[in-house]
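Structure first, then comments.
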Protein chains: 2
Amino acid sequence: MTGVTSRKRGRPPGTESSDTRDRILTAAREEFSERGYEKTSVRGIAKAAGVDSALVHHYFGTKEQVFEAAVEVAFSPALKMRDVVLEGPIEGAGERMTRFVFGLWENPVTRKPLLAIIRSAVNNEAAAAVFRRLVATQLMRRIADELDTPDAELRAELAAAQLVGVAMMRYVIRIEPVASADVELIIARVAPVVQGHLTNP
Amino acid sequence: MTGVTSRKRGRPPGTESSDTRDRILTAAREEFSERGYEKTSVRGIAKAAGVDSALVHHYFGTKEQVFEAAVEVAFSPALKMRDVVLEGPIEGAGERMTRFVFGLWENPVTRKPLLAIIRSAVNNEAAAAVFRRLVATQLMRRIADELDTPDAELRAELAAAQLVGVAMMRYVIRIEPVASADVELIIARVAPVVQGHLTNP
DNA sequence: GTCTATAGAACGATAGAC
DNA sequence: GTCTATCGTTCTATAGAC
């Protein structure tokens, strides 16, 4: 017997194992973010994680369930964004929102699930649903609730569209010069546009 | 002998056949635009065109060459855009550019190759190269040449990014309410933003 | 010009041994 | 918990008959 307390013996159900699960998730994020849903294979994830492909199915089930588990981490920072944007005067909401989004994209850790979602949502309906849930229902609608303008939801989405578009050009397709431009220069030009979408007449 | 003039006999080389080639191209555009590069199969294109898959290879070679032939039609209207945007006073360039782009997207015929390019460019490097050639080198750079502002190229690309972002939300991912909003309402909000990117201080 | 047939490879998923 | 083995499917691409 090990020197633990007097609870039930053995591992509690549902916690399963060591770090293998996390290694698979990390590998899955890497693969999905680089290749998108269709081009990523369960076998490729398994090889990158140094395990057998059957083990991936053992932990997560189908390929779609692996994807959902891999991108789930993108939701907590995204939900934080709502608070960040709404704390402080409305005149600064555009800049706070722009800075927050570029902060996520510039950080290699948070960038991966975002890339995975955007690369996959374009060709896969399940991933598109994840994208919609992330951008629209969870985020923009709540921000729109705080605007008392007509077309508030549409405005919030057009603001988001500017950010999504820059992300596409800079991080996904990598078109120059926007792909290599200093991020502060981009923020300086984009933040007023986002602000304008939210609050201009 | 047919009643033609006295040139060489038979069909000139390179023109090959009737309308089969066009039927394949139309089917290819349909498939690539709906599924993206990876999920589209040569067999699926062949079936949609009512021919054998080997015939597709016969006409175009590899799958990648089929793709290039299918999206080639997107280039002539895009090149026309440069002229449309630059004819007339610079104060109206934003609206002309916005109207032109939404005109392409709202027309089901021109929408298909655009969808094909954007759905494919996100996961396929060859398609990404097509996208870059279309958006950046052919279009935005030339428009930037006409602006005598600092960061002209970056400005032109941020303007394009707003349009790409709206296209993603409205036509690719289909997020509400922007997916169903009246196009004139969207143009009214987006055109000033595009104009601002191009000419604001 | 259009097809049949097939080579050769990769895929998702499962059953079951250890 | 981890792996071997394998089933059934689908894919690109080519060779070659008609």
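Chain letters run A, B, ... following the sequence lines, proteins first and then strands; every chain starts at 1.
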**Asked** Of the candidate nucleotides D:dG1, C:dT2, C:dC3, which contains the atom at the shortest distance from the side chain of B:V51?
**Response** C:dC3
**Prompt:** Which nucleotide in the set D:dG1, C:dT14, C:dG1 lies at the smallest distance from any side-chain heavy atom of A:H57?
**Reply:** C:dT14
Rounded to whole Å, please give me the gap between [atom1] in [X] and [atom2] in [N].
X     : N      : atom1 : atom2 : result
A:I45 : C:dA10 : CD1   : C1'   : 15 Å
B:L55 : D:dA15 : CG    : P     : 17 Å
A:E31 : C:dG12 : CD    : C1'   : 16 Å
A:Y59 : C:dT14 : OH    : P     : 18 Å
B:R21 : C:dT2  : CZ    : C1'   : 16 Å
B:K39 : D:dT10 : NZ    : P     : 14 Å
A:H58 : D:dT4  : NE2   : P     : 15 Å
A:R35 : C:dC11 : CZ    : P     : 10 Å

Grab the N/O contacts between the protein and nucleotides 4-7 of chain C below 3.5 Å, and write none if there aren't any.
from  : atom 1 : to    : atom 2 : distance (Å)
C:dT4 : OP2    : B:D52 : OD2    : 3.3

Nearest 0.5 Å, please: how far is [atom2] in [Y] from [atom1] in [X]?
X      : Y      : atom1 : atom2 : value
A:L163 : B:Q162 : CG    : CD    : 9.0 Å
A:I118 : A:W105 : CD1   : CH2   : 4.5 Å
A:M169 : A:I175 : CE    : CD1   : 4.5 Å

**Asked** Does B:R132 come within less than 4.0 Å of B:E125, counting only side-chain N to carboxylate O?
**Response** yes
**Item:** Contact list for residues 93-116 of chain A, test salt bridge (charged side-chain N to carboxylate O under 4.0 Å, His left out), sequence neighbours left out
**Value:** A:E30-A:K112, A:E95-A:R99, A:R99-A:E184, A:E106-A:R170
**Request:** Could I get the full list of salt bridge (charged side-chain N to carboxylate O under 4.0 Å, His left out) partners for B:R155, not counting sequence neighbours?
**Result:** none
**Interface residues of residues 61-69 of chain A with DNA chain C (non-hydrogen, below 4.0 angstrom)** = A:T62, A:K63
**Fill in**
Looking only at heavy atoms, the pair that brings B:S76 and B:V73 closest together is OG-O, 3.5 Å
**Message:** It should be established whether A:T20 places a side-chain nitrogen or oxygen under 4.0 Å from OP1 or OP2 of nucleotide D:dT2.
**Reply:** yes
Expected list for residues 145-152 of chain A: side-chain donor-acceptor pairs under 3.5 angstrom, two or more places apart:
none

**Item:** Terminal helix-axis angle for the helix from C:dG1-D:dC18 to C:dC18-D:dG1, with five pairs defining each axis and rounding to 10 degrees
**Value:** 0°
